[in-house]
Amino acid sequence: MQQSSFTRWVTIAILTLGSFVVTWATRPAPHKLKLQSRQRPLNEHIQPARVSSRALPPINRLLENFFKGTDLQWYGNISVGNPPQELSVVFDTGSHEFEVASHNSPGCTNKILFDPTRSTTFIDGGEEHNISFATGIGVDPVKDDNYEITVRSAFDTLWVEDLSVANLSFNIITSLPPTFASAPFSGIHGMSAVAEGLFSGLIMQGLPSLFGMYLTPHCVGNAEITLGGIDESKFKGTPIYGTLDPQLDLDWQLTAVKISVNGKTADILSRNTSIFFDSGTSNFAAPDGIAQAIYSLISADIKPYPDLPGAYGIACDKIPLLPAQIDLTFASQSGEPFNLTIPSSELSVGPFAGNESHCQTSINGGDAVWDILLGGSLLKHYYSIWDVGGKRIGFAPIV
Ligand SMILES: *[C@@H]1O[C@H](CO)[C@@H](O)[C@H](O)[C@H]1NC(C)=O
Ligand SMILES: *[C@@H]1O[C@H](CO)[C@@H](O)[C@H](O)[C@H]1NC(C)=O
Ligand SMILES: *[C@@H]1O[C@H](CO)[C@@H](O)[C@H](O)[C@H]1NC(C)=O
Ligand SMILES: *[C@@H]1O[C@H](CO)[C@@H](O)[C@H](O)[C@H]1NC(C)=O
Ligand SMILES: *[C@@H]1O[C@H](CO)[C@@H](O)[C@H](O)[C@H]1NC(C)=O
Ligand SMILES: *[C@@H]1O[C@H](CO)[C@@H](O)[C@H](O)[C@H]1NC(C)=O
């Protein structure tokens, strides 16, 4: 069931958004440093009850920031096996499986690797398959767009603090390309809108079925995920919630009724548009038409960067002068409009490799008919509440 030739980003497009022709295979994918999938799980997933009879207290995990001049990914620790081996993972709201590098993953010299031979409860699932995934453009340039990894199915105990879930299905990465090998985290734990993996196991033990994310910029630090609750010390006011589309059960998706740039909009930005909130995406990805409409309201000097199709850029010295506030307007659960705002400070994601005076801008385009993936450049500015049981996503301004 895994895709074998497209990027996993393409997989997302195919599986979540219908049957249009996808052309990403010939273009670099937008900026991501993740192994990414929105595919249906192979095994049954759990639809948790929102309120459990026996509540476990929430669990806070500190997150580190993978920072290369710009904020790329946030990751924190869980453990695998018996005795537990502590490993760092990206908690990725854009995927739903768990993949981890092991001592059989060549080239991962900077990672802590899972060693199955040291776990008494490890079960080799024996099924290998290839997964292709996309990685960055621009600030983390790559030569090839599509990277293929090979994973092998496995079962073992997963832990967070002293809570554990036995015999969970996951994947061990057995071969991977240099770009993922060089990322500082060891794995990706999917946190889709249907709880799976470790999170679903904890919910069955009584953990409330929601989590909060505080994905602060590098300069602020103290990023955090709270499993089973929200950390009220990290935001002010009352969170505003939007209701998830029940037909997209894995996806954290809301419909934007309008996108405004510096208070102005355009026809293409005033239609209902699906926005997918993805903690594993560093920037903002949109179809070319939307990306260009937004950019044309910022500056005519922002142009596609020919060396990296899908990337846009402008002379770095022009960026500080450009207002580039992007307001996305949604309807709250009570029907009131509310905005989520990407401030002007997010416009630049840093100079292109090969031309230090030319900076990449935060929206990556693509010519697929597609909706919008929104990641770190927005999530950094809000405390986000991912309410699996309540089928809603909430936002509150950070303290
Ligand atoms: C994650 O685990 C590693 C290895 O045990 C440890 O060095 C690191 O400090 C931990 N990070 C956090 C944020 O707890
Ligand atoms: C995975 O890809 C490699 C290299 O392209 C190939 O040799 C191998 O047969 C593939 N494995 C599977 C299970 O498809
Ligand atoms: C673990 O789960 C797999 C798949 O559900 C099952 O085949 C296996 O028997 C289980 N093993 C244990 C020890 O529970
Ligand atoms: C949302 O942003 C738009 C454009 O800046 C503005 O006109 C509108 O008043 C804002 N709406 C709310 C509810 O703040
Ligand atoms: C656009 O979305 C809003 C809010 O979800 C909904 O009320 C409205 O009917 C939608 N409009 C169209 C044309 O689909
Ligand atoms: C680098 O960027 C500058 C300013 O945007 C541009 O004028 C120049 O042609 C670029 N140089 C190369 C080698 O792409």
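Bear in mind the structure is a predicted one, so any value in this text is a computation, not a measurement. Nothing fancy with the numbering, it's 1 onward along the sequence. Order of listing sets the numbers, starting from 1, for every ligand and every atom in it.
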So among Ile342, Leu269, Asn339, which one has a side-chain contact (heavy atoms from CB on, under 4.5 Å) with Leu328?
-> Ile342
Numbering the atoms of ligand 4 from 1, which are under 4.0 Å from a heavy atom of Asn339?
-> 1 (C), 2 (O), 3 (C), 8 (C), 10 (C), 11 (N), 12 (C), 14 (O)
In Phe284, Phe395, Tyr382, the residue satisfying ring-ring contact (aromatic ring centres under 6.0 Å, His included) with Phe277 is Phe395
By number and element, which atoms of ligand 4 are closer than 4.0 Å to a non-hydrogen atom of Gly263?
-> 5 (O)
Please state which protein non-hydrogen atom is closest to atom 1 (C) of ligand 2 and give its distance, to 0.1 Å?
-> Asn130 ND2, 1.7 Å
Where ligand 2 meets Glu128 - atom numbers and elements under 4.0 angstrom, heavy-atom basis = 13 (C)
Would you call the rings of Tyr383 and Tyr214 parallel, tilted or perpendicular, where under 30° means parallel and over 60° means perpendicular?
-> tilted
Please write down residue, atom name and distance for the protein heavy atom closest to atom 7 (O) of ligand 4.
-> Lys258 NZ, 4.6 Å
With Lys111 as the cation and Phe185 as the aromatic partner, state whether NZ or CZ is under 6.0 Å from the six-membered ring centre and within 45° of the axis.
-> yes
How about Ser270 and Thr265: does a side-chain donor come under 3.5 Å of a side-chain acceptor?
-> yes
Taking the six-membered ring for Trp, is the centroid-to-centroid distance between Tyr305 and Phe352 below 6.0 Å?
-> yes
Contact atoms of ligand 4, heavy-atom distance to Pro337 under 4.0 Å = 13 (C)
Would you mind running through ligand 4 and noting each atom that sits below 4.0 Å from a heavy atom of Asp327?
-> 2 (O), 4 (C), 5 (O)
Protein contact for atom 9 (O) of ligand 2 (heavy atom, distance under 4.0 Å) | no
Trp252 and Trp386 aromatic ring geometry - parallel, tilted or perpendicular at 30°/60° bounds | perpendicular
Can you pull out the closest protein heavy atom to atom 4 (C) of ligand 5? Residue, atom name and distance to 0.1 Å, please.
-> Val257 CG1, 3.9 Å
Nearest protein heavy-atom contact for atom 14 (O) of ligand 5: which residue, which atom, what distance?
-> Asn272 ND2, 3.2 Å
Separation between CD (Gln360) and CD1 (Ile319), nearest 0.5 Å, reads 10.0 Å
Identity and separation of the nearest protein heavy atom to atom 5 (O) of ligand 2 = Glu148 OE1, 3.6 Å
Give the atoms of ligand 4, by number and element, whose distance to some non-hydrogen atom of Ser260 is under 4.0 Å.
-> 4 (C)
